[in-house]
Amino acid sequence: DHLERDEKLLEFDRMARGFGTALQRQAELSVTPEKKAVLARQRELISDLLGFFDRIIDLAHQNELAIAAALFQSGAIPAQSEMLNTLRSWAEIHHKQHSKLVKDAQAQQQRVISMMFGVAVIFILVGLLVAGVVYRWNGRLIGRFVENEGRLRAALAELDFRQQAMDAH
């Protein structure tokens, strides 16, 4: 049926545009040399695939469906399989890079935790040092207070003794 075939061709064009948009987004990503090699291979395969699909579509328009189907089986499907392999390679490379980033982040987190622990220990030691200094300072003040209290009691006792001696005379 010509209408159904035209609908399929329009659907193919729509899918091809979506694929082209996805490839454009992929090309805009910052890529490593390893990913650049995969992208270069993808471009080659896309060129091959577009050639196959152009020929298949032309054959379909000429109503040479058997030849189009044979070309699809012998050329387009293997090229699509190879394209899927490059997409898998891209995903594996991305996964490896992501895993490395995760490991680096975990190592950084471990360093930060160690540093925080070290800083906490330093703060505790400084706190204990300050507490010791304050304790000694208070101990000296209390010692002086006790010493002065003893002198004051002795002075008061002496005054009381004098007062009693004067009252007795």
task: Mark yes or no for whether S47, through its side chain, and R43, through its backbone, hold a donor-acceptor pair below 3.5 Å.
output: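 It does not hold such a pair.
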Acceptor/donor pairs from residues 152-168 side chains to any protein atom, 3.5 angstrom cut, sequence neighbours excluded:
residue	atom	partner	partner atom	Å
R153	NE	E149	OE2	3.4
R153	NH2	E149	OE2	2.8
E158	OE2	R162	NH2	2.6
Q163	NE2	D167	OD1	3.4

- prompt: Which is it for D104 and K100 under the side-chain contact (heavy atoms from CB on, under 4.5 Å) test, yes or no, and what are the steps along the way?
  reply: CA-CA 6 Å; D104 291 347; K100 183 183 180 320; 3.0 Å; yes
What is the distance from atom [atom1] of [X] to atom [atom2] of [Y], rounded to the nearest 0.5 Å?
X    : Y    : atom1 : atom2 : value
Y135 : I142 : OH    : CD1   : 8.0 Å
I57  : K8   : CD1   : NZ    : 13.5 Å
M116 : R111 : CE    : CZ    : 15.0 Å
L49  : M83  : CG    : CE    : 6.0 Å
H94  : L101 : NE2   : CG    : 9.0 Å

Passing candidate, side chain to side chain donor-acceptor pair (under 3.5 Å) with Q97, options E92, E34, K35: K35
message: H95: which residues meet the ring pair (Phe, Tyr, Trp, His ring centres under 6.0 Å) condition with it, sequence neighbours left out?
response: none
message: Testing the basics here: between L45 and A79, what is the closest heavy-atom pair and its distance to 0.1 Å?
response: CD2-O, 4.4 Å
Min side-chain heavy-atom separation [X]-[Y] under 4.5 Å:
X    : Y    : result
K36  : T32  : no
R88  : L84  : yes
F72  : F53  : yes
Q42  : L39  : yes
F117 : V121 : yes

message: Other residues, nucleotides and ligands only: do more than 12 of their heavy atoms fall within 6.0 Å of CD on E44?
response: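 Atom CD in E44 is packed in, count exceeds 12.
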field: Cluster check V126, V134: I/L/V/M/F/W/Y, side chain < 4.5 angstrom
entry: yes
Identify each donor-acceptor pair in which a side-chain atom of residues 58-71 lies under 3.5 Å from a protein atom, sequence neighbours left out, and give them as a table.
residue	atom	partner	partner atom	Å
N63	OD1	R5	NH1	2.9

